[in-house]
Number of protein chains: 2
Amino acid sequence: MTSSDPETDAGPGPDFPDAEGRGAAGPGANLPALRGHNAALVLGLLRSAGEEGVSRLELAAHTGLTPQAVSKITARLRAEGLAAEAGRRASTGGKPRTVLRLVPGARHAIGLHLDRDELTAVLADLAGDAVAERRAPLAFEAAAAQVLATVEREVAALRAEAGGPPVVGAGVACPGPLDHTAGVLHRVTGAPQWDGFPLRDALAERLGLPVVLDKDTNAAALGLAQRPPDGAGSFAYLHLGTGLGAGLVLGGGLHRGPRTGAGEFGHQILQLDGPRCGCGQHGCVEALCLAAVARGDLPGAARVLGVAAANLVELLDIDRVLLGGRTVLENPDGFLTGVADVLAAQARTRGRTGTAVPVSLAVGGARAVADGAAQLVLAPLFGPGNPGLAARGHRPGAG
Amino acid sequence: MTSSDPETDAGPGPDFPDAEGRGAAGPGANLPALRGHNAALVLGLLRSAGEEGVSRLELAAHTGLTPQAVSKITARLRAEGLAAEAGRRASTGGKPRTVLRLVPGARHAIGLHLDRDELTAVLADLAGDAVAERRAPLAFEAAAAQVLATVEREVAALRAEAGGPPVVGAGVACPGPLDHTAGVLHRVTGAPQWDGFPLRDALAERLGLPVVLDKDTNAAALGLAQRPPDGAGSFAYLHLGTGLGAGLVLGGGLHRGPRTGAGEFGHQILQLDGPRCGCGQHGCVEALCLAAVARGDLPGAARVLGVAAANLVELLDIDRVLLGGRTVLENPDGFLTGVADVLAAQARTRGRTGTAVPVSLAVGGARAVADGAAQLVLAPLFGPGNPGLAARGHRPGAG
DNA sequence: TGCGCTTTGGCAACAGCGTTGCGAAAGTGG
DNA sequence: CCACTTTCGCAACGCTGTTGCCAAAGCGCA
């Protein structure tokens, strides 16, 4: 569990299947854990409130805690500089409520997007807004040492540029496949030397920061989850670029799967005995969709994507579908209406006329993945229901 | 929220999108909650240990709590009759460890399976084992009052039969669609009078017990999750009877979706422009699969099911696929090998030779759904990661 | 202007949680 | 028989959110 403890678990007695299988038997909670839980909960509500702020009593009502407890918690948060009083609400007959707000600049987080040919690095504040950004060409196929050096240089430049508040960690988003639990890359197509490379720990050591590693689509989905289009508790982010992938947010949390394999959306088979796909199977969405794009049949491509999205909606009962990626952005309206049409037709066959799952374009543009990567380390600060992983490497709570 | 508190939430200030959208902002935790959390955690480990038992120090190691804390917690559990000492382990040089075991008979739970033509009711102990069972014909299409009366009568007979320990609640499994959050049925095909009926609250009042309502496939999946074939943190239960449905257990928890709509597996489209399905779409798995069965093409049916399962494995990164349902059980080997073949082929195309996701038959037989229904109320007793819903209606902790 | 009323929010005392310190109990091995 | 190891509970402790109480701050009516 801790940094220097292999946890051999070789003691006598039964072997608990849940030791690693599922949520690792959920850690037992003590008072510090309880304190952290509530503090994170309050921080999460402060973030949701944004500029508008929240009063102590509203926090109490939403957390279920006593007003007194909220007072104590917010006092600690203010002492740490994470929250501040900001004006007061109109009175409702008595003393007016004091409005509390998150102080976004109190901490920073680094988001890194390692793409095949480019590195995007952002420094984000607690609200998730980027306060600085850098881009650099990157040869992802090159030697690992060179990539690490580039990252280290850019991060140093970023921190020098914006300086100031403590940095809580760095989130790293890569093309898959990889293992977010171990922080290790797997066989990235076209870059065999990365197979098995412990990127998370290597970067944690070089940066002197806690690091979290995840797939690029997962990071993008996590970033989108922080800016709910209208309150997205469950949604799917479908990314159609040179390939097709997905990030799944279920019940407010990112679903990664035990091997970080979830969201492999491109090779869903949509046409039994369909055309052969590069992956060796037949009738994959990705192959069907990209083939349609290649021959200029955009409505056809959108329809294929829509059917796959409809399958996903049906299977997982999600609230919303978000589209992104280069190919989508070349013709956003075409894809949006095409997918929406399929989902509307699906809703009709289910007797839910007028309540089709909405489709929209993922906001954020080219920086979406890097912004989401920063959320990999920011999200855990804002409480449960907020996904993310306990960052590994160096001391947590750095700074 | 509570029975006598409308909680209008009409105060000034921002409207939190997470108030209901996602995990309801996660409740704030106080000391009783902490105590309950840890007690449930320990109970869960005791259940996992089964007959073999666990020592206090092993519990401490697995929870991360201090041995002293475990001693206090287990002392409380023993005082409540939920746990007991049962022998001791061999010494490793000092005082031998005392083995603790769950006392399964300390509490009971009722599991109800309301099928179209039959009611199955079980009384299960804490280990999930049925101590009593009753079956009765049921006209699910009949008037609600008649169905409720039948349920009440059977439950009373069941409790009279096995008597004894307090009953913690009743889990009710129905064919969908329904809303497990509100405990309300939706338009069940062939039984329009149930649409909008608050079955959970009606039963809670008549039985005088907390009641949890869920779909039959979800209950079955939950039941299977308690008896891990080898430690299933994530799996899909595919039920092929007169229709095709699924129950999804992701990361140890049942994934229901915000509208209890998850697991609608039958109408995944697998063949664009395929044969028309009764649902109005084309190329649904259910239609393809059942058509193959009807014409005696079992390998074909198994292959179709296998492809759909492979899509699911790919999308969600699950550990295991379990098959059940009348149609499968008529030819288990055929379906098992057929599905396994497709998954093996998929694993090969992904370069994971020899590590295909295993397929097996869901155990439990005709009583599986009723057993799982009991788990709807039992699972929450055993800690987080254990899904289930806070039962509504009457006092929780009844008895 | 003055007073009562309502609402907010902090100080102090409190009950209860897991933790720490220490000693009794119960074995093994020389 | 004694030294040693390991298990496990009692007692004191620090820290959590809670409760009781009171000051502060505004509204509204006389």
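Keep in mind it's a predicted model, so treat the numbers as computed, not measured. All chains are named by letter (A, B, ...) in the order of the sequence lines, taking the proteins before the strands, and each is independently numbered beginning at 1.
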Could you tell me the separation between the CG atom of A:Leu57 and the P atom of C:dT6, rounded to a whole number of Å?
17 Å
Nearest-Å distance for atom pair CZ/C1', residues A:Arg35 and C:dG16:
18 Å
Map B:Arg56 and B:Gly94 onto DNA chain D by nearest heavy atom, then report which one ends up closer to the 5' terminus.
B:Gly94
Check whether any side-chain N or O of A:Arg78 sits under 4.0 Å from OP1 or OP2 of C:dG9, and answer yes or no.
no
Figure out the CG/P separation between B:Leu65 and D:dC8, and round it to whole Å.
15 Å
Any side-chain N or O of B:Arg76 under 4.0 Å from OP1/OP2 of C:dG16?
no
Before giving the answer on salt bridge (charged side-chain N to carboxylate O under 4.0 Å, His left out), spell out for A:Arg200 and A:Glu205 the whole-Å C-alpha distance, their side-chain angles and the decisive distance to 0.1 Å.
CA-CA 9 Å; A:Arg200 183 190 60 193; A:Glu205 183 169 353; over 6 Å; no
Just compare C:dG18, C:dC11, D:dG26 and give me whichever is closest to any side-chain atom of B:Lys72.
C:dG18
Rounded distance (Å) that lies between atom P of D:dC27 and atom CZ of A:Arg89
15 Å
Specify the separation, in whole Å, of atom CZ of A:Arg97 and atom P of C:dT6.
16 Å
Of C:dC17, D:dT16, D:dT18, the nucleotide closest to the side chain of A:Leu34 is D:dT16
Side-chain N or O of A:Asn30 less than 4.0 angstrom from OP1 or OP2 on C:dC17?
no
Quick test of your reading of the model: are A:Arg256 and A:Asp214 salt-bridged, counting only N-O distances below 4.0 Å?
yes
Which residue lies more 5' along DNA chain D, comparing A:Arg88 with A:Ile73 via nearest heavy atoms
A:Ile73
Kindly determine whether B:Leu102 and B:Phe382 satisfy side chain to side chain contact (heavy atoms under 4.5 Å, CB included), including the steps that lead there.
CA-CA 11 Å; B:Leu102 185 67; B:Phe382 295 106; 4.3 Å; yes
Side-chain N or O of A:Asn38 less than 4.0 angstrom from OP1 or OP2 on D:dG17?
yes
Is B:Thr98 near enough to D:dC8 that one of its side-chain N or O atoms lies under 4.0 angstrom from OP1 or OP2?
yes
Closest heavy-atom pair and its distance - B:Leu378, B:Asp125:
CD1-O, 3.4 Å
Hey, does B:Pro96 reach any base, or is it just sugar-phosphate, or nothing, if we go heavy atoms under 4.0 Å?
sugar-phosphate
Picking from C:dG10, D:dC8, D:dC15, the nucleotide nearest the side-chain atoms of B:Lys95 would be D:dC8
Ignoring the backbone of A:Leu31, work out which of D:dG9, D:dC8, D:dG14 is nearest its side chain.
D:dG14
Could you tell me whether B:Thr66 contacts a base, only the sugar-phosphate backbone, or nothing, with contacts defined as non-hydrogen atoms closer than 4.0 Å?
base
Contact class for A:Ser71 (heavy atom, under 4.0 Å): base, sugar-phosphate, or nothing?
sugar-phosphate
Consider salt bridge (Lys or Arg N to Asp or Glu O under 4.0 Å). Of B:Arg101, B:Arg97, B:Arg56, which one does B:Glu85 pass it with?
B:Arg56
Is a donor-acceptor pair below 3.5 Å formed from side chain B:Gln68 to base D:dC10, judging by atom type as modelled?
yes
